[in-house]
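Worksheet for the structure shown next.
The model shown is predicted, which means the values in this text are computed figures rather than measured ones.
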Amino acid sequence: MTPVRRRPVIGSPFQILLLVCSFALAAYAGVRLLADDWFGVALWWVGAALLHDLVLLPLYAVADRAVVQGLGATGHRRLTMYVRVPAALSALLLLVWFPLISGMVEVRYRSATGRSADGFLAHWLLITAVLFGGSALLLALRLRRARKQRPPAVH
Amino acid sequence: MRDDTRLPTSPGFWRSPLRGPWFTSVLGLVLLAGITVLFVTGLISYAAYNPDLSPVNDKTPDKGILGFYLFSWPTDPHWLYRVNQGVHVTLGVTLIPVLLAKLWSVVPQLFTLPPARSLAHALERISLLLLVGGALFEFTTGVLNVQLDYVFPGSFYPLHFYGAWVFFAAFVAHAVLKVPAAVRNLRRLRAAEPASSQEPAPAPEQELVSPRPDPATVSRRGALWFVGGGSLLLFATTAGQSFDGPLRRTALLAPHGGPDPGSGPNGFQINKTAAYAGITAPETDEDAWRLVVTGRSGTLRLSRAQLRELPLHSAALPIACVEGWSTSDQWWRGVRLRDLAALVGHDDPPDVFVESLQRRGAFRHAALRANQVADPRSLLALYVNGESLTPDHGYPARVIVPAAPGVLNTKWVARMTFGETR
């Protein structure tokens, strides 16, 4: 057996001390956080981390890879950002404002604020259209400029 | 163990050429500043409720030492709560892309093997669950609450407040451990950076850098612009809900962006309508409604007509909600709270306990502190912008206090007890 070296097993004592202090404060607030519905809160806390790291992130990473490879297969890999940017921004808005856009809080929203929740879906679709339209327009302008600057192909 | 690049535990599994110390450090430092502001504005917002004044203002009675910093909430400047809460919510929404990008940039470390190299490293990884779970928990509860989507497990106030402290404990430890390295990374890379925006060839042992990167589809700098663009888009579609008129219409997706619910003097934004609060026309009728004012010298029952006979004063004050939206100053007119206190024997304005006609809801009762009662702009308003209040804005009478959170500006006031807070 090789002798166990002490330092690597324990690690930085400063780091341990710092983290123990952090855990003490977290525990003080944590028992209050968990006082009512400990299971529900723990589920949300851990679930949020797992859902993000093991579902959301892999999903958008796979979608992104599909776009890159799809464009790559047709020789348009350099156009990736023209698809990625509008798609990601649109998805971001949907993620953040999903309750309003999907209409799932419509009844409470209407009754509480005295306003209709109808506009949110339309606004999101409109913003999405502008994002993709803007991206396409930008691409068209750049392609045109590139064609003008380049002398006509000789072959 | 063989290094199988099909497994996320292998560094070779992660192919993005963007990951590396520079990208993570920049995002980390932005979050350090941003989340610090969120935490401070959150604590200030909590103090604005005067939770140590009365149990009815306090949704977190077990706070213990976490309320160590509480102070009497001032009435000056009158836009204090409006600005604080607008910053808290708008900045929170704006930081979402930065948080997501930061988590993306460090995700390979989630799968690092061995799980712990030392005791200190094991503790750090446990702390990361508090950090990542906490960040997502705080952002999610906040984003859901402003959209009135109360699906989280409990009342928003204790969840968001205690959750913030658990998260902040992990956040501070993380910042102490990582900020020196982040600053060092940026300094070193800036000094070494060639004209191109690509990072200099990284040392192979540098963490996060992919050992077999795919060809780039965007530069690191471009990716940062992309994240910033996401933030800008969220900011642009949210910030307007803190203003009126054309600016509010720019907030295309924010809960209180877009058009006002009505037109005319009472057309401005409503937090909770009369119908939502269960207020019916018969109980607010001129003949039926009486304001019961109690104090040292006894109890008065005042009709709206009698209130109108009292000296009326004006104040230009905003409505500012914990949800982050606000209106510009509205022109309120009504009886000064301190005049009502004097009517029942309190020449020196004391605290007051205000009760609404509302039968349910977390803030149907509210306590105001003596300094709030004493302010000459603190009114029991009967009119707004030159017209009688509408039911949705609190007819027959509502409280309006400078710099107070919206929910403490009780609508449909039924009873005011001076010298008491519960």
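Note: Y60(A) leads F14(A), Y60(A), W124(A) in heavy-atom pairs under 4.5 Å with chain B. Listed options L100(A), I127(A), L51(A) were ranked by heavy-atom pairs under 4.5 angstrom with chain B; first place goes to L100(A). Between chain B and the residues S22(A), A117(A), G30(A), the largest count of heavy-atom pairs under 4.5 Å involves S22(A). The choice from R77(A), H52(A), R65(A), M81(A) that makes the most heavy-atom pairs within less than 4.5 Å of chain B is R77(A). In terms of heavy-atom pairs under 4.5 Å with chain B, the best-connected choice from D36(A), T113(A), L56(A) is T113(A). Counting heavy-atom pairs closer than 4.5 Å to chain B, the top-ranked of the candidates D37(A), I101(A), V85(A) is V85(A). Comparing D214(B), T238(B), L148(B) by heavy-atom pairs within less than 4.5 Å of chain A, the highest count is held by L148(B).
Using a 4.5 Å cut-off between heavy atoms, S16(B) makes no contact with chain A at all. At a 4.5 Å heavy-atom cutoff, L121(A) makes no contact with chain B through either its backbone or its side chain. When heavy atoms are compared at a cutoff of 4.5 Å, R84(A) approaches chain B by way of both its backbone and its side chain. Using a 4.5 Å cut-off between heavy atoms, L126(A) makes no contact with chain B at all. Residue contact with chain A, scored on non-hydrogen atoms closer than 4.5 Å, involves the backbone and the side chain of P215(B) alike.
For F98(A), the CZ atom counts as loosely surrounded, since its 6.0 Å shell holds 12 or fewer non-hydrogen atoms of other residues, nucleotides or ligands. Dense packing is recorded around CZ of F156(B), with more than 12 heavy atoms of other residues, nucleotides or ligands lying under 6.0 Å away.
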For L177(B) and L18(A), what are the C-alpha separation, side-chain angles and deciding distance, and is it a side chain to side chain contact (heavy atoms under 4.5 Å, CB included)? CA-CA 9 Å; L177(B) 292 175; L18(A) 176 75; 3.6 Å; yes
Derivation of the side chain to side chain contact (heavy atoms under 4.5 Å, CB included) call for L92(A) and L233(B): CA-CA 10 Å; L92(A) 174 73; L233(B) 181 64; 5.7 Å; no
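Judged by distance alone, with hydrogens and angles left aside, the side-chain atoms of S111(A) form no donor-acceptor pair with the main-chain N or O of Y276(B) at under 3.5 Å. In terms of modelled atom types and a separation under 3.5 Å, the side chain of Y28(A) and the main chain of V166(B) share no donor-acceptor contact. Between the side chain of H123(A) and the backbone N or O of L253(B) there is no donor-acceptor pair closer than 3.5 Å. At least one donor-acceptor pair closer than 3.5 Å links the side chain of Y109(A) to the backbone N or O of P255(B). At least one donor-acceptor pair under 3.5 Å links the side chain of Q147(B) to the backbone N or O of V96(A).
V9(A) places none of its side-chain heavy atoms less than 4.5 Å from the side chain of S118(B). Using a 4.5 Å cut-off on side-chain heavy atoms (C-beta onward), R78(A) and T217(B) make no contact. Side-chain atoms of W97(A) and L252(B), non-hydrogen and from C-beta on, never get closer than 4.5 Å to each other. Between I126(B) and F23(A), some side-chain heavy-atom pair lies under the 4.5 Å cut-off.
The two residues L130(B) and A26(A) make their nearest non-hydrogen contact at CD1-CB, 3.9 Å. In terms of heavy atoms, A88(A) sits closest to F226(B) at CB-CZ, 3.4 Å.
Here the CG-CG distance, from D62(B) to L33(A), works out to 12.0 Å after rounding to the nearest 0.5 Å. Here the straight-line distance linking atom CG of L57(A) with atom CH2 of W104(B) works out to 8.5 Å at 0.5 Å rounding. Here the CZ atom belonging to R110(A) is positioned 12.0 Å from the OG1 atom belonging to T273(B), to the nearest 0.5 angstrom.
Using a 4.0 Å cut-off between charged nitrogen and carboxylate oxygen, R115(A) and D260(B) do not count as a salt-bridge pair.
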